[in-house]
Amino acid sequence: MSPHGPKGATRRGPICAAEASGSTGAPEAPSRYLPRPLTELHDHLRERLLAATTALGLDRAAAAPLVRLDPPKNREHGDVALGAFQLAKLAGKAPPALAGELAAAITADDVIESAVAAGPFVNFRFRRAALARAVLTAVQTDAAPYGRAPASGQVVCIDFSSPNIAKPFHIGHMRSTVLGNSLCRIHRHLGAVVHGINHLGDWGMPFAKMMTAYMHWGNEQELHRSPMRYMFDLYKRYGQEVKEHPALDDEAAAHFRALESGADNQERRMWQLLRDESLQAFQGPYQRLGVTFDHVIGESFFEDKMEAAMARVKAAGVLENSDGAEVVWLKELGIKEPCLLRKSDGATLYHTRDLAAAFYREDTFHPDRILYVVGAEQKLHFDQLKGVLTKMQEPIAKAIEHVPFGLVLSKTEDGKWEKFASRSGNAVFLDEILDEAVAKVRAIIREKNPDLPDADQTAEQVGVSAIVFNDLKNSRIKDVKFDWESMLNFDGETGPYVQFACARLSSILRKVEVPVPAPGQVDFTLLADAERVLLVMLDFGTAVQRAAEQSEPSIVTAHTIALAGEIHSYLRDHYVIGAEPAVRDARLLLVDAARRLLTTGLSLLGIAAPERM
RNA sequence: GCGCCCGUAGCUCAGUUGGAUAGAGCGACGGCCUCCGAAGCCGUAGGUCAGAGGUUCGACUCCUCUCGGGCGUACCA
C-alpha cells in the first residue's frame, strides 16, 4: 500500500506504515517479579536445605536466595535439583564438595526420599506418596496455584485488541486480541485486579480516511447490509484512488480537523455512524473468541482530555516547538526521534491520545502495570511514550510496558513468507478462518462421533480452539506463519489435542460410575507409577507465574501440552475402570485432577474444554 | 546510514533468565484398537544451536564483530 494508504489493522496496527514502540517491559522493574509459588514440597525441602547450610556455617539470609530449586535437565536425575555453584562460592568450598555435604545432611524424611550429590549438583527425590498427596489434594481443593489465588493487591491494566474500527476485523487483529485476553485471565488467576481495555482506534487519520472514502463513494444501504465487508471495500478503494489523487489525504486531514473542532457538523455525524456500525460488526468475532473487555474506551474518549495532558507536558517544561510542531525531545534517553504531540496544523496525534490515556488510567485505576499488547513494529512508539513520561518525572512511567508480538505472515507462490497485509485485498477475515476450522471439526465429528449431542456447538468450540491455540503456542515475538494446512491439522501440539485429553478424562469419570474419592480416602502409595504426570502438575504454578511475569501465554500453552501428553501416556498402561477398588480410587483422583488442571490451563488461554468431542 | 527483533532437526518451534548427555510436534519410516475415546500411544531416522572471537569452573543462553531475514526510523496509527 502506499505509505499512507489506510492500512491500519489495529490502532496499534501491524499493517500501518510507520511506527515503532515499546520497551519490552520487564527489565527495569525486578520488583514486580514475585517469589515463585513454591509448593509445600518445595517449602519443606528448602527449609531442610537452609537448616543444613546454616549448620555448615553459612549465613541464612545470604544463602536463602541461592537455594534455587529447579527441575533437573534430565528426569532421571531426580525431581528437583540444586546447583551448588553459588552456595559453594559463599562457603569458600568447591561445588562438588559442598554438594556432597548437603546431600549427606539432607537425610530422608516423610517427604524427601533421597538427596544425591552428582558432581556440583544435588538431586532430590520426593517420596511418591508425598508427591501425590500434596499435588492431588491441592488441585482437588482448588488451592492456589492450581486454583485462583486470593487477591494480591496488584492492579494491572491491559490494553489489547484495540482495532481501528473503520476496518474489517481480519487475521491481523487476532493476535493482540487473543494474547491480551489470555493475559487478563492469567493475571486474574494470580489474584490481580485486571482492567482489560479495548482502546478502539476511533479517532485520527485512519478514521478520517474512511470517512472521506464514505463521503465520496459510500452508500448507507450497502453499509448496513454487511458493514465489515463494505468498509473493507471502501478501504481498498481509498488505497487505490489515493495513488492517483494524493489530494484525498489532504481532504481527510481537513475532515479530521473539522471533527476535532468539536462542532456538530457532517464529520461528527459521519463519525458516529461509522463507529456504531463498526462496533456492532466487531461483536461477532469477539463473541466467538470468548473475549470480553472491562472497558471499551476508544481514542475519541480522550478528545476533551488532550489539552489537559498537553498542559501537563508544558508545565513539566519538556515541550518544545520544532518546525511548527510541538514535540518532546528524548535524546538524553537514547531516542533520536522526537515524540510529536501536536502537528503544525494544530491537530493531535496518536501519542497525544496515548499520553492522555496514560494519565486517565493512572487516575482511574491506579495500576502497577499497564500492558500494551501491540505489534513489535510499534516499539518506538511506546519507547517514546514511556520516555516522555519519564522525562516529565511522572511515576506512571515505570508502569508502562509494551508487550510486543510478531507479524502474521502468509506464504507466497514461491514458498516464501511475507507480511500479511490487507494490501491487495488479500486479507483473510477472521470469520472465514474460524468457519473453515469449525467445518473441518464438524466433519471429523460426523465421522468419529456421529451420535455426539450438541455437535455443532462442540465443533465451534474445538474449531475456534485450534485457531486460538495456534496463536498462543509459540513465543509471542515470533511471527505467526499462517498456513491453512498446518492450522487445520489437529494432530500433535494443538488445541484439539489438549481438548481431546480433557474429553477422554471426562469420559472415564462418566463411565466409572463411582464418585471421585476425597483426597483423605486415597492410598497415595498406589500412585507411584504416576510420577511423570504428577511432576508436570507440580510445575503448573511456576508456569502461570512465569507467563504473567513475562507476559507470555505460550508458557501456559506448553504446560497444557505437556500435561495432556503425560496423561495420555499414563492411561495407555493404567486402567481406571476395572482396577481393584483402592487402585481405581487413587487413579480416579488423579484423572479428576488432571482434568481440572487441563481445564484451568485452557481457560487461562481463553479456550473451552468440552466434555465430549 | 542508524536502532530494534529473529536465526536451534527437512518444516514449525521449546530450551524455566549461565548449569548435567540440546528436546517436542509436523512430515518420513515401523509398530499398537476382541480392554476406560486411535483428534491417541510406542519406536526409528534426523543437529557444526548461522559463523568467528571473547567473558568463566561452565555458553543455545551474556559481550563484540560478521553473514542472512524482518521491522522501524518527526507532523499516519
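The analysis underlying the following values was restricted to heavy atoms, covering all of them including side chains, and did not include hydrogens, waters or symmetry mates. In the text below, chain A, chain B and the rest are named by the order of the sequence lines, each starting its count at 1.
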Phosphate OP1/OP2 of B:rA38 contacted by A:Arg504 side-chain N/O (<4.0 Å): yes
Under 3.5 Å donor-acceptor pair, A:Asn123 side-chain atoms to B:rA20 base atoms: yes
Those residues of residues 563-571 of chain A lying under 4.0 Å from RNA chain B by at least one heavy atom: A:His568, A:Ser569, A:Leu571
Side-chain N or O of A:Trp417 closer than 4.0 Å to phosphate OP1/OP2 of B:rU12: yes
Nearest-Å distance for atom pair CZ/P, residues A:Phe500 and B:rC41: 9 Å
Distance in angstrom units between A:Gln86 CD and B:rU17 P, rounded: 11 Å
Distance below 4.0 Å between A:Lys93 side-chain N/O and B:rC57 OP1 or OP2: no
Aromatic stack A:Phe85/B:rC57: centroid gap under 5.5 Å, interplanar angle under 30°: no
Residue A:Leu407, side-chain atoms from C-beta onward, closest of B:rC71, B:rA74, B:rA20: B:rC71
Sugar-phosphate, base or nothing in reach of A:His574, heavy atoms under 4.0 Å: base
Sugar-phosphate, base or nothing in reach of A:Ile477, heavy atoms under 4.0 Å: sugar-phosphate
Among B:rU17, B:rC36, B:rA14, the one nearest A:Lys478 by side-chain distance: B:rA14
Closest to the A:Arg68 side chain, choosing from B:rG37, B:rU16, B:rA20: B:rU16
Short side-chain N/O contact to B:rG37 OP1/OP2 from A:Lys511, under 4.0 Å: yes
Per-nucleotide protein contact string for nucleotides 21-31 of chain B, where B marks a base within reach and S marks sugar-phosphate only (heavy atoms under 4.0 Å, - for neither): ---SSSS----
For atom NZ of A:Lys89 and atom P of B:rG58, their distance in whole Å: 12 Å
Given RNA chain B, 5'-ward residue of the pair A:Asp345 and A:Val576, judged by closest heavy atom: A:Val576
side-chain N/O A:Tyr497 vs B:rG37 OP1/OP2, d < 4.0 Å: no
Whole angstrom value for the distance that separates P of B:rC5 from CZ of A:Phe382: 17 Å
Spacing of A:Arg476 atom CZ relative to B:rC13 atom C1', expressed in whole Å: 16 Å
Consecutive-pair stems (3 or more, Watson-Crick or G-U, under 3.5 Å) for RNA chain B: B:1-7 with B:67-73, B:10-13 with B:23-26, B:28-32 with B:40-44, B:50-54 with B:62-66
Touch class at under 4.0 angstrom, heavy-atom based, for A:Asp323 against every strand present: base
Over all atoms of both residues, closest heavy-atom pair of A:Tyr497 and A:Ile561: CE2-O, 4.0 Å
